[in-house]
Amino acid sequence: MKIKEYLNHKNIRAKNLLHFCTEAKEFQLFNEICSSSCLKKEDIIQSLNAESSPLNQITDDDCLIKIIENFGPSSFTAETQLQITRTICKHNLIKSLELLQYKISSAQIIEFIKSKNEKNQNALMIAAKSTSDKILMALITSTFLNPNCPKNEK
């Protein structure tokens, strides 16, 4: 199969080549696929915006930052941005959070922080449980020190 077919190919679990790269921790290969001129940017973004985005398995700061910078946070659906936020909280990727924070609105960041997952946990709880003190503090300060955040939210 061609790379594009691998990218769009889905098995029973709806995984494609990008999922397999992240599962194998082959972040360099993941980046190379995403930045390949052989593939249409729209096809890659569609794959990254899939219901279970492969971005939520990236545990490498530099890789996630490159992907976000390459495509821009606005290329991702709100659900994918939410998944990225949760991933950032799990893995203490403070640079990625900062990048997202300056590229999407404060209101969206606050909404992502408040949004609960299937275990009824929000991003602050995920960060605290993952012992990501730096991320927890970044989220708390970005919420409480943000002048645009209403008092009832705080």
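Here the OG atom belonging to Ser53 is positioned 8.5 Å from the CD atom belonging to Gln57, to the nearest 0.5 angstrom. A distance of 11.0 Å separates CG of Asp60 from CZ of Phe30, quoted to the nearest 0.5 Å. Rounding to the nearest 0.5 Å places CD1 of Ile44 at 5.5 Å from SG of Cys34. For the atom pair CG of Asp43 and SG of Cys38, the computed distance is 12.5 Å after rounding to the nearest 0.5 Å. To the nearest 0.5 Å, atoms CG (Leu82) and OG1 (Thr77) are separated by 9.0 Å. Rounding to the nearest 0.5 angstrom, the gap separating the CG atom in Leu17 from the CD atom in Glu26 is 11.0 Å.
Contact detail for Ser47 and Pro54: the closest heavy-atom pair is O-CD, 3.7 Å.
You'll find the side chain of Thr22 stays beyond 4.5 Å of the side chain of Thr59, heavy atoms only. Contact check for Leu18 versus Ile33: side-chain heavy atoms found under the 4.5 Å cut-off.
The closest donor-acceptor contact from the side chain of Asn49 to the backbone of Ser75 lies under 3.5 Å. No side-chain donor-acceptor contact under 3.5 Å links Gln83 to the backbone of Leu55.
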